[in-house]
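On a predicted model such as this, the values are computed, not experimentally measured, just so you know. The chains referred to below are lettered A, B, ... by the order of the sequence lines, with proteins before strands, and numbering in each begins at 1. Computed over heavy atoms, backbone and side chain alike; hydrogens, waters and symmetry mates excluded.
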Protein chains: 2
Amino acid sequence: MSSRTLTPVSYLVLGLIAERGPATPYELKRRVAGSVGHFWTFPHSQLYAEPARLAREGLLAEQREPAGRRRRTYRLTDAGRGALRRWLAEPTTGSVELRDPGLLKLFFAGQADDEELARLVATQEAAHRARLREYERIESGLAVDQRSRYALATLRMGLRHEQAAVSFWREVSGWLLPGDDAA
Amino acid sequence: MSSRTLTPVSYLVLGLIAERGPATPYELKRRVAGSVGHFWTFPHSQLYAEPARLAREGLLAEQREPAGRRRRTYRLTDAGRGALRRWLAEPTTGSVELRDPGLLKLFFAGQADDEELARLVATQEAAHRARLREYERIESGLAVDQRSRYALATLRMGLRHEQAAVSFWREVSGWLLPGDDAA
DNA sequence: CTCCGTATCGTCCAGGTCGGACGGTTTGGA
DNA sequence: TCCAAACCGTCCGACCTGGACGATACGGAG
């Protein structure tokens with residue numbers, strides 16, 4: 001019941017349980033995999049540590065299975081629901097970084113020769129294109145019901161980002177590389 | 001001289017020194033602030049810890065100032081330059097996550113009421129619009145010389161991302177909120 | 001000359017985060 | 001009966017994070 005400031009992962013766990021009911025850490029892991037994990041990942045060890053912290057603070061209630069099982073199920077407490085709703089209502093802080101290793105390499109591309117740069121550009125464009133296709137596939141498979149409205153919306157932001165990235169990498173070699181300008 | 005696998009921060013430090021010469025941690029901090037810090041931030045404590053690690057591994061050489069000053073200057077060793085070039089040449093791994101707190105809130109917006117959602121949408125659109133303007137300002141101020149070609153390119157990716165985000169948040173309320181559709 | 005505000009410069013630390021190694025358990029099929 | 005695969009969980013060292021804290025330099029106001 002102490003008072004650390006909750007992290008995004010905290011709210012992720014609270015939110016996942018609020019929306020789809022009580023869960024074990026393993027179940028959380030699977031919920032993450034199919035949804036929010038697309039734009040916000042973390043190792044599964046977090047999904048064991050964080051609920052334990054939240055339970056200590058009274059935001060989740062822990063229920064052990066009867067026998068000598070290791071399984072624990074967490075459900076939301078009123079305090080937990082309150083914390084989640086307060087977070088949703090409060091002004092959004094925090095940075096929106098684009099931690100893209102490909103972009104970091106591009107930033108330092110002056111240290112590489114043109115051939116390496118060309119290879120970087122090609123692989124990045126291909127990677128983003130692949131991700132774009134994957135998102136499109138997921139989108140077409142997502143039911144357009146009430147339940148998944150918000151998941152669908154976030155997915156669409158991912159789609160737009162990948163579209164931007166694909167067109168960026170397609171054009172960037174024109175800005176940077178000499179020779180191959182068809183103009 | 002051990003053999004941990006270098007992190008992106010490692011290459012950031014190596015790259016910054018490779019491009020603009022030897023530096024003290026504080027100088028690194030300022031180089032970061034004006035450039036790559038726009039899309040990849042980290043606390044300044046990293047800029048003290050990481051060069052120390054790199055020096056231990058022989059990728060940087062540390063030079064203390066004569067007198068009892070605390071100042072240390074780091075310069076690139078041949079091994080360091082080699083590591084940087086190898087990284088630039090190797091296939092790019094690593095995820096491209098969109099860790100946007102606003103997006104995370106949107107994902108769980110089912111737990112909030114419409115008024116809160118509307119407020120979230122409004123503030124997010126405004127925030128991205130502000131960032132977009134800031135990037136445009138920086139872009140117009142960036143000299144189009146050889147030195148800053150790559151910095152300019154990465155900035156443009158940031159620009160496109162913000163454009164995508166602005167249009168996303170402008171449209172999202174139309175998908176999600178009932179009432180106010182002008183159609 | 002002294003004082004003070006502002007920039008410069010650096011250390012330290014408690015937590016959170018990371019990826020992955022490792023191991024036990026359950027289930028279903030050969 | 002046995003094995004493989006999926007299921008489920010713990011643990012760990014290293015790293016990252018944000019910020020508190022403080023020392024030092026320097027210019028200008030009084």
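Rounded to an integer number of Å, the gap from B:Tyr26 OH to D:dG22 C1' is 15 Å. Nucleotide C:dG19 holds its C1' atom 14 Å from the CG atom of A:Leu47, rounded to whole Å. Atom CZ of B:Arg31 is separated from atom C1' of C:dT8 by 16 Å (rounded to the nearest Å). Rounded to whole angstrom, the span from the CZ atom of A:Arg30 across to the P atom of D:dC7 amounts to 6 Å. Nucleotide D:dC8 holds its P atom 15 Å from the OH atom of A:Tyr74, rounded to whole Å. Rounded to a whole Å, the CG atom of A:Leu6 is 15 Å from the P atom of C:dG15. One interatomic measurement links the two molecules: CZ of B:Arg53 to C1' of D:dC15, which rounds to 6 Å at whole-angstrom precision. Taking atom CD on A:Glu97 and atom P on D:dC16, their separation rounds to 14 Å, with Å as the unit.
OP1 or OP2 of C:dC18 has not a single side-chain nitrogen or oxygen of A:Ser45 nearer than 4.0 Å. Within the structure, a side-chain polar atom (N or O) of A:Arg72 is placed less than 4.0 Å from OP1 or OP2 of D:dT10. Between C:dT11 and B:Tyr48, no contact under 4.0 Å exists linking OP1 or OP2 to a side-chain N or O. At least one side-chain nitrogen or oxygen of B:Gln46 sits closer than 4.0 Å to the OP1 or OP2 atom of D:dT17.
Atom CZ of residue B:Arg31 and atom CD1 of residue B:Ile17 lie 7.0 Å apart, to the nearest 0.5 angstrom.
No continuous path of ILVMFWY side-chain contacts below 4.5 Å connects A:Trp87 to A:Val96, so the two sit in separate hydrophobic clusters.
When the nearest nucleotides of DNA chain C are assigned to B:Lys29 and A:Glu50 by heavy-atom distance, the more 5′-ward of the two goes with B:Lys29.
Within 6.0 Å of CD on A:Glu90 lie more than 12 heavy atoms contributed by other residues, nucleotides or ligands.
Picking from C:dT17, C:dT11, C:dG20 the nucleotide with the shortest atom distance to the side chain of B:His44 gives C:dT11. Taking only side-chain atoms of A:Pro25, from C-beta outward, the nucleotide of D:dG9, D:dC8, C:dG10 with the closest atom is D:dG9. In the set D:dT17, C:dT8, C:dG16, the nucleotide with an atom closest to the side chain of A:Arg4 is C:dG16.
In this structure, the side chain of A:Arg85 engages the main chain of B:Gln111 through a donor-acceptor pair within 3.5 Å.
For the residue pair B:Arg30 and B:Tyr26, no side-chain donor N or O sits within less than 3.5 Å of a side-chain acceptor on the partner.
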